[in-house]
Amino acid sequence: MIVVNCPHCGPRNSSDLRPCGEVTSRPDPATASLSEWRTYLYMRENPSGWVTEAWYCRSGCRRYFTIERNTATNETRRSEAS
Amino acid sequence: MARHGYTYSAGKLIKHGLTRGDWPRMWRRPEARSSYDVVIVGGGLHGLATAYYLAADHGMTNIAVLDKGYLGGGGSGRNTAIVRSNYLTPEGVAFYDRSLALYNSMTQELNLNVMFSRRGHLTLAHTDSALRTMHWRAEVNKLQGIDSSVIDPQEVKKEAPSLDISADTRYPILGALFHPPGGIVRHDAVVWGYARAADHLGVHMLQETEVLDILCEGGEGPDGKGTGGRVTGVRTNRGDISAPAVVNCTAGWASLISNMAGVPLPITTHPLQAAVTEPCKVFLPTVVVSGSLHVYVSQTDRGELVFGASVDPVGTYRVNGTLEFTEELAGHVLELMPGISKMRLMRQWSGLCDMTPDYSPVMGTTQVDGYFVDVGWGTYGFKAGPVAGETMAETIATGRDADLIAPFTINRFTEGDLVGEKGAAAVGH
Amino acid sequence: MTHNRLPVRPGEVIDRETSLAFTWNGRPHTGLRGDTIASALAADGVEVFARSMKYKRRRGIMTADHWDPNLSVQVGDEPNVRAGSRRLVAGMEVSAQNVWPSLKFDIGAANQLVGRFLSPGFYYKTFMRPKWLWHHLYQTILRRFAPGGRIHWETSTHGAYDKRYAHPDVLVAGGGPAGMGAAIAAAEAGASVMLVEHEPELGGHLRWGDAEDLTALADLLAAVQSHPGIEVLVDSTVTGRYDHNWIAVMQRSHEVAPERLIKARAGSLVVAPGLIERPYVFAGNDTPGVMLSGAVRRLINLWAVKPGSRAVVLSANPEGDAAIADLEAAGVEIVAALDARVGEDIVEVEGRGRVRRAVLGDGRTVAADLVVLGTGWTAPTSLLNMAGDRPVYDPTAARYFPNQLPDNVLATGGITGNGSTVELVAHGSATGTLAANRALRNRHERRSSTARARSPEGPMPESLQDTRVPLARTPHPECYRSSSHGMVDFSEDVSSKDLFQASGEGFDSIELMKRYTTATMGPSQGKLETVNAAAVLAEARSMDMVDIGTTVWRPPFAPISLGALAGRIFEPIRRSALQDWHEAHGASPLLAGQWVRPDHYGDPVGEARNVRENVGIIDVTPLGKLDLRGPDVAKLLELVYVNRWQKLEIGRVRYGTMVAEDGVVSDDGVTGRLGEDHYLMTTTSSGAGAVWEMLEDYLQTYRPEWNVHVTAVTGGLTSINVAGPRCRDLLLRLVEDVDLSPEAFPYFHVRRGRVAGVSGCIIWRIGFTGELSYELHVPSGHALHVWESLIANGEDLGIRPFGVESQRILRLEKGHYIVGQDTDGLTKAPSAGLGGLVKLDKHDTLGLPELRASYARTDLPVLVAIQTDDPEIVPMEADQIVDGDSNRILGRITSSRMSPTLGRSVCLGQVDPSLAAAGSKVTILLVNGHRVSGTVQEHHAHVDPEGVRQNA
Amino acid sequence: MPDIEFKSPIAHGPVSAPDGSVSLEDETSTTKVVVRAATGTAAAADLGVPYGQSRLRADGTLVCGTRPGEWTLFAAAGRATEVAASVDTDGFVNVVDVTHGRAMMRVSGPKATAMLAKVCDIDLTDDMAPDGAVFSGSVAKVTCDLLRSDWRGEVSYLISCERSFGNYLFATLADASTEFGAELPTGLDIH
Ligand SMILES: Cc1cc2nc3c(=O)[nH]c(=O)nc-3n(C[C@H](O)[C@H](O)[C@H](O)COP(=O)(O)OP(=O)(O)OC[C@H]3O[C@@H](n4cnc5c(N)ncnc54)[C@H](O)[C@@H]3O)c2cc1C
Ligand SMILES: NC(=O)c1ccc[n+]([C@@H]2O[C@H](COP(=O)([O-])OP(=O)(O)OC[C@H]3O[C@@H](n4cnc5c(N)ncnc54)[C@H](O)[C@@H]3O)[C@@H](O)[C@H]2O)c1
Ligand SMILES: Cc1cc2nc3c(=O)[nH]c(=O)nc-3n(C[C@H](O)[C@H](O)[C@H](O)COP(=O)(O)O)c2cc1C
Ligand SMILES: [Zn+2]
């Protein structure tokens, strides 16, 4: 059970939150080509190392925010409200 | 020609027992060559099976299988070893059925007892909708000639007496999908069987050899990688190796390797955990799976219960496991079998799973010439190892995607249709 | 009787006044309070406790503690109990495991004769032909040999297990002198401390030490006990260290539960587990009577048990030497005291049920019944490995040492080096201070970053430097294997010879060797065998131990029962405000997700018919309900639904379908506009949580400039659907301030008013049943009153409650699909028949690219209504639609029921587009193998496609 | 509608240990009003407590900063309209009465914290959750809002959850209290 630092609530057990995966940038749905859109939907960097990811503070403040987490060690740093 | 080395038999056991003579090596520790016709990255079941079928079926023997650790040290050495073919989609069924057929003859083909225990596979339904999905699977299976049917709680009890089938539990057992040909295989033996046979056919297995980069030319990305490029070799911790064909069989690490070739993948890496109890006298005859409770359990011939679950929600490359996994697992197992609360958990571990959005693999050729993928095996790649090896070998030898893997190529994520196994996503193994 | 019990020992833990009767293999025995099962039996002269797994060799006490591989016994219905550590309780029924027919005479012992053929992995090399025999015979026989005790699943139940959380600043694993020193110092520094000791008493090795040790222990104990900041848990084990110092502690013999799991988030973890003594490999090293020095010292000093009468001792360290002194004090004759430090050795032990002779390194053979080994230590680095450390082998000290630890994990005591008690306590103290400092800094940080916390007083404490003087690494001979082969893994029956063979066959890395031979894979998980296995491999490959590495330690450090891991099983159940009423009125419960709700009240078909004929009421509270307020709600609705919402007028309700970003139909429901900036959205019951989170996601991350507040009101509004031709008559009697006439309140409109005297109700005219119906959303505290008023006032109108099953029938008659049943994980909008609803020219729908793509396709399956040509045949849901007589699949039935209204079966199904046109003939494969024909209908609705009834 | 009884989802009377170490009472009828107010609004300023903290207003209303930009106001039963009216709704401010939507119970006594430690993973030591602290978390797998609100000189917590979970949560807390001597009312079923 890792600890995730919510920028509003402080450190929380990860079971109180929902991981939303690595942060990707959503193209404009009105203009995106299908292949751009699917790249956004499906393709992931999936690095072993530092990654910026989104979390939802489900049992706490109900805010979405981002943190950086090292997927090789599960260390975390810098959390930011979105 | 024999497809394996030194022939094992009961007679040989007696001979070696009497003479106390040494057994021959199952595989060598060869010196690496500077170039191979095919370099396979990943010495798990998939990499080794691919090498074996390339050599045995296509006569290609100048092959190296590279692994950063020991043979089978990835998912192949950590899985709950459940095999079955009762999938939901016709594509899935055809594919896994071929794999089961290969498992059936494997002991004899490889002359190594992989201890395929066809003990029957039960997928429990606790809700009406789960029962409906079971029925859906059973009907698709029957149409494909697969032995699979929905059975009622009394019949479930007959197959696995320790299950609690009373109706007033939180997760009552309303029925199950019963698949008699399913079962478990001694996972390590499969890895060793392919390794031994591949070694015998001339394949080099280079352990403790880590791929650090894939060398490419002509592609649109940096360093000649990416779409339109061509593979020229790999860089490893022990030096460069050139090869016109490089195969990514690295499962949980698949994205890292593929990113080296400039081919992004629709994959996220999540740990899947497993655990064993201390041994007990055998009481559980079948494989029992509950999708809604995320439990997979079977009892080995040594008496331990082997448990699996579903992947961890947090993606990571770290495999040290979590306490929650064991807590939830135990809670759910005891919902199913309240009488075993005094059994003790002895070890937990985890492995990395390369999860795709549609619970189906990514296989075959890619936008980079000579770079092949056999990845996205998620939580179900053990049962598919033999057929994946066979079809990948065909694909590499011919340069064309084999028929059986056509639904699984990477193009489906940009052009076509995802595979429908997600419909039965609740049953991962 | 207790012929091996010694006179009183100064440190004994037995209560000589209280004797406890128990049975061993059915025969009566007695022990004393404070005895373990093993010490009581040993005192009574029992020498053989078990048979080994493969060769069924007789086994006796070897380490006399929890890790003793030879002391697993069955106690009542509990298998694999560690007789070396389990305290005796009166009335225990103890028996030997893994024996047949008895411990004394075991048929399986014949395996010893064929042992030479059962080399490692022998099963991989045989049982291959004939093929069919494997399945039927070989496997059945192999399974018989499974070791371990018996689980009585028929009669055992999940007992009273329990769990709790804890948040200590410093958690100390191990209550020896180092651990106690650490706990005291950490508490002195102001930290809250949890001190966990595996054994029933604090003290570690001091407990079986000399007078000086016992004095030191008494002082430490007094200091620990007097400190209010230290919570002491004995008979408890730290079983795992997980990420971010999430620590599992198994507390045994707690009054509320046999085992209780404590989950602690510790600021710092101090690992002070001491050392585990390791066996020595030589022929016959598993004969009963071969014991490690710690075992004899524990037996003598803790339980006053004389372990034998004539002993050979092989010592490589001061503890081994101390054993000689203890043995002498206990009246055991020392027939040979061998010093491994000067190369003296033991080569072989003879004897079956008990040691008879020992062959020494110098060739002498001596008669003895006890062989004591003080040959070295294994560092139990398990918890450190779990923290990411890879301990390193030091050939000088002949054991592994910690290498690189994260800041929040600190090691102290024997695991880090050797020292006198004073030095150990000093090292522990310094470690405790450091651990406290780091934990208090962490607490300071948490207090400043946590909104609810009291802000920390004063500045962050300065970070202490690690100035600890490391404990010495006293030289120790590398005693692993004598010149003969012997057991390495006692629970798996793996010998050093087996390991040589495996290495020669190519299993020449420690991990492959482990998996091929199963060494370190038994219940002791390498605690006794890891180092010897590595040493033997190093020898076989002529390599340095340093380069061999070890297998990986994984949790749990000591096995944990499934019951304790499960604890109390929390399964939240949601109940509507009416559920008590339903239960009191014969409702058959249906568990749907977390909700319990009425499936029916005994007669689902009659209940459904009554809705068509009179009036029925159903509790639909589990529908997800979200209160949406703000000027930008309409924009949000446009974003999440596929249809248009900008022009929804106040007082109107609209149906909407949600499509995820990948174009797959994800949820549906109706949303009504209650006021200028106020809407009420409903979702499916199972989708409620996900939709709420999705709305928050879009509002917080995609359109943060929009002003919308979302409040979940599912349970706060009890939802009652009143349906049937006479429902308006009923509501006219109860609704006070709303004009219910069809003109004033038409279909798909919403009003607010008083129902049965309850104000604040929301009433909308919609329904799943296809009948004239109103859905009431009533403040839940008053819902029962409204429901009972409806029942009372509807009596003469023929009112009956109905449940989920009747609703399923009715909605299917009406052709309404259910997301997740009639659609699946890949169903796109056009397949669901959303046709005209979807607006592809909308610019702010997140599924847009996929929606467009799916509408451009002609090959997607289509949801249609189907009727079997034989009206009596009711296909099963998920029956396949096939191509004539072939096995080609062209679709499937997704919903199917006998329609009471039409007196025939009705279905929905997904079919290939070639079969989608009205009038198409389909072939349905029934579960009995018959193929029957059916016809695709023009409308999804089988009943009242024009909507006359619902619009009435 | 004074004649219509307000029904709590909790079907059981108070539970307590004879020695008073822990007690559990249903307080669902308490008025509960949620206010959402954007920063800069008069309401946000008036309410005055930041997320995580609480204060007792002069009118007897307990104002809790339940989330960033969100407050929950507790008052005696039947005061919802009055409490809602007390909020200045100028700007982007919304007020929702959740009295019917949330079950509420009070746990108090010297063992209250120890009892909660069996079902809630949040650090409840005085530093981390002092009197007046407001927080949310999972209690026996149900998401709850909690308020440490010492009462009559005793440690005490107000716990509220979605109404439909109320009965389950109460029964589960009662069960957790048995370790400290609490006696379960007859018929109390944990599920
Ligand atoms: C706990 C668990 C339970 C499972 N249960 C089942 C089950 O019951 N049934 C089932 O069918 N499937 C199951 N699976 C899934 C299955 O184990 C995998 O899909 C399968 O083993 C994948 O095999 P592989 O050969 O592709 O990969 P792996 O066996 O993972 O091999 C990949 C290899 O690549 C190597 N590698 C990685 N990076 C590099 C590099 N840079 N250079 C060199 N080598 C590299 C790794 O060392 C590794 O040995 C389970 C998985 C887990 C983790
Ligand atoms: N172990 C011996 O038999 C022994 C005997 C004499 C001297 N010594 C010396 O004493 C030193 C060791 O002193 P120390 O204070 O470090 O250790 P210790 O052996 O005195 O005490 C360690 C304690 O930790 C407990 N423990 C281990 N793992 C645990 C876990 N996961 N959870 C809870 N408890 C756990 C053990 O039961 C033991 O009581 C070493 O230098 C050693 O050479 C050891
Ligand atoms: C099917 C199966 C059965 C296993 N049985 C045991 C066992 O009986 N004892 C044991 O110690 N480990 C057992 N393991 C786990 C391995 O020891 C090991 O944890 C696993 O291969 C992962 O490797 P690692 O822990 O070295 O990372 C088993 C693993 C699998 C896949
Ligand atoms: Zn938060």
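In the text below, chain A, chain B and the rest are named by the order of the sequence lines, each starting its count at 1.
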> Hey, does C:K125 have a side-chain heavy atom less than 4.5 Å from the side chain of B:K12?
Replying inline: no
> How about C:L565 and B:L329: do any of their side-chain heavy atoms sit closer than 4.5 Å?
Replying inline: no
> Does a side chain donor of either B:R347 or C:Q525 reach within less than 3.5 Å of an acceptor in the other side chain?
Replying inline: yes
> Roughly how far apart are C:S119 OG and B:H16 NE2, rounded to 0.5 Å?
Replying inline: 8.5 Å
>> For the interface with chain B, which of C:D77, C:N385, C:V81 has the highest count of heavy-atom pairs at distances below 4.5 Å?
In response: C:D77
> Would you call B:R132-C:E877 a salt bridge at under 4.0 Å N-O?
Replying inline: yes
>> What's the separation between atom CG in B:D22 and atom CD in C:E505, rounded to the nearest 0.5 Å?
In response: 9.0 Å
> So which of C:A248, C:G388, C:P555 has the biggest tally of heavy-atom pairs under 4.5 Å with chain B?
Replying inline: C:P555
> Going from CD on B:E278 to OG on C:S524, what distance comes out if it is rounded to the nearest 0.5 angstrom?
Replying inline: 10.0 Å
>> Under the criterion side chain to side chain contact (heavy atoms under 4.5 Å, CB included), I'd like the reasoning laid out for C:Q97 against B:K281: C-alpha separation, chi angles, the key distance, then a yes or no.
In response: CA-CA 10 Å; C:Q97 297 184 160; B:K281 297 291 174 221; over 6 Å; no
>> Among B:K15, B:M26, B:R170, which residue has the highest count of heavy-atom pairs closer than 4.5 Å to chain C?
In response: B:R170
>> Please identify, among C:Y242, C:W246, C:Y123, the residue contributing the most non-hydrogen atom pairs under 4.5 Å to chain B.
In response: C:Y242
> After noting the C-alpha distance and the side-chain angles of C:R892 and B:H135, does the key distance pass the side chain to side chain contact (heavy atoms under 4.5 Å, CB included) rule?
Replying inline: CA-CA 11 Å; C:R892 71 176 194 283; B:H135 181 54; over 6 Å; no
> In Å and rounded to the nearest 0.5 Å, what is the CG to CH2 distance from C:D508 to B:W27?
Replying inline: 9.0 Å
> Have C:E571 and B:Y171 got a donor and an acceptor in their side chains that come within less than 3.5 Å?
Replying inline: yes
> Do you know which two heavy atoms are closest between C:W153 and B:P161, and how far apart they sit?
Replying inline: CZ3-O, 3.2 Å
> C:E259 versus chain B, heavy atoms under 4.5 Å apart: side chain, backbone, both or neither?
Replying inline: side chain
>> If I measure from the heavy atoms of chain B, does C:S503 come under 4.5 Å with its side chain, its backbone, both, or neither?
In response: backbone
> Can you find a pair of side-chain heavy atoms, one from C:Q880 and one from B:W136, that are under 4.5 Å apart?
Replying inline: yes
>> I'd like to know whether CZ of C:R888 has more than 12 heavy-atom contacts from other residues, nucleotides or ligands below 6.0 angstrom.
In response: no
> In Å and rounded to the nearest 0.5 Å, what is the CG to CD1 distance from B:L284 to C:I151?
Replying inline: 12.0 Å
>> In this structure, is the centre-to-centre distance between the rings of C:F122 and B:W23 below 6.0 Å?
In response: no
> Tell me, side chain or backbone of C:M386 under 4.5 Å from chain B's heavy atoms, or both, or neither?
Replying inline: backbone
>> Is C:I893 in contact with chain B via its backbone, its side chain, both, or neither, using a 4.5 Å heavy-atom distance?
In response: neither
> chain C: which of B:R28, B:R318, B:Q144 shares the most heavy-atom pairs with it under 4.5 Å?
Replying inline: B:R318
> Which answer fits C:Y516, side chain, backbone, both or neither, if we ask what part of it has an atom under 4.5 Å from a heavy atom of chain B?
Replying inline: both
> Are the side chains of C:Y124 and B:Y8 in touch, meaning some heavy atoms are under 4.5 Å apart?
Replying inline: no
> What part of C:I510 gets closer than 4.5 Å to chain B, counting heavy atoms only: side chain, backbone, both or neither?
Replying inline: neither
> Which atoms of C:D879 come close to chain B, meaning under 4.5 Å heavy atom to heavy atom: side chain ones, backbone ones, both, or neither?
Replying inline: both
> Among B:G11, B:G17, B:G72, which residue forms the greatest number of heavy-atom pairs with chain C at distances under 4.5 Å?
Replying inline: B:G17
> Looking at C:L591, C:D243, C:I889, which one has more heavy-atom pairs under 4.5 Å with chain B than the rest?
Replying inline: C:D243
> Under 3.5 Å, is there a donor-acceptor pair between the B:K342 and C:N80 side chains?
Replying inline: no
> Given a strict heavy-atom distance threshold of 4.5 Å, which part of C:V927 is in contact with chain B: side chain, backbone, both, or neither?
Replying inline: both
> Are any of the side-chain nitrogens in C:K263 or B:E324 under 4.0 Å away from the carboxylate oxygens of its partner?
Replying inline: no
>> What part of C:E78 gets within 4.5 angstrom of chain B, counting heavy atoms only: side chain, backbone, both, or neither?
In response: both
> What's the shortest heavy-atom distance between C:A566 and B:L334, and which atoms?
Replying inline: CB-CD1, 3.8 Å
> Can you tell me if C:R150 uses its side chain to pair, donor with acceptor, with the backbone of B:V282 under 3.5 Å?
Replying inline: no
> Does a side-chain heavy-atom distance below 4.5 Å link B:V319 with C:R554?
Replying inline: yes
> So which of C:T155, C:N98, C:V882 has the biggest tally of heavy-atom pairs under 4.5 Å with chain B?
Replying inline: C:N98
>> Between C:T239 and chain B, with a heavy-atom cut-off of 4.5 Å, which part of the residue counts as in contact: side chain, backbone, both or neither?
In response: neither
>> So B:M346 and C:I560, do their side chains get closer than 4.5 Å, heavy atoms only?
In response: no
> CG of C:L261 to CG of B:L323: how many Å apart, nearest 0.5 Å?
Replying inline: 5.5 Å
>> Heavy-atom pairs under 4.5 Å with chain C - which of B:G331, B:C280, B:G303, B:A275 has more of them than the others?
In response: B:C280
>> Could you check whether any side-chain heavy atom of C:R808 comes within less than 4.5 Å of a side-chain heavy atom of B:D128, counting everything from C-beta outward?
In response: yes
> Quick one: are B:W192 and C:L512 in side-chain contact, heavy atoms under 4.5 Å?
Replying inline: yes
> So which of B:R196, B:R119, B:H126 has the biggest tally of heavy-atom pairs under 4.5 Å with chain C?
Replying inline: B:R119
> Counting distance only, does the side-chain N/O of B:Q108 pair as donor-acceptor with the main-chain N or O of C:M128 below 3.5 Å?
Replying inline: yes
> Which atoms of C:Q74 come close to chain B, meaning under 4.5 Å heavy atom to heavy atom: side chain ones, backbone ones, both, or neither?
Replying inline: neither
>> Out of B:S149, B:S129, B:S117, B:P172, return the one with the most heavy atom pairs under 4.5 angstrom to chain C.
In response: B:S117
>> How close do B:E139 and C:L926 get, counting heavy atoms only, and between which atoms?
In response: OE1-O, 4.3 Å
> What are the two closest non-hydrogen atoms of C:N887 and B:L143, and how far apart are they?
Replying inline: ND2-O, 3.1 Å
>> Please find the pair of heavy atoms, one from C:S561 and one from B:S341, that lie closest to each other, and give the distance.
In response: CB-O, 3.6 Å
> What option among C:P559, C:S886, C:G148 has the most heavy-atom pairs under 4.5 Å with chain B?
Replying inline: C:P559
> Considering only heavy atoms, which portion of C:R515 lies under 4.5 Å from any heavy atom of chain B: side chain, backbone, both, or neither?
Replying inline: both
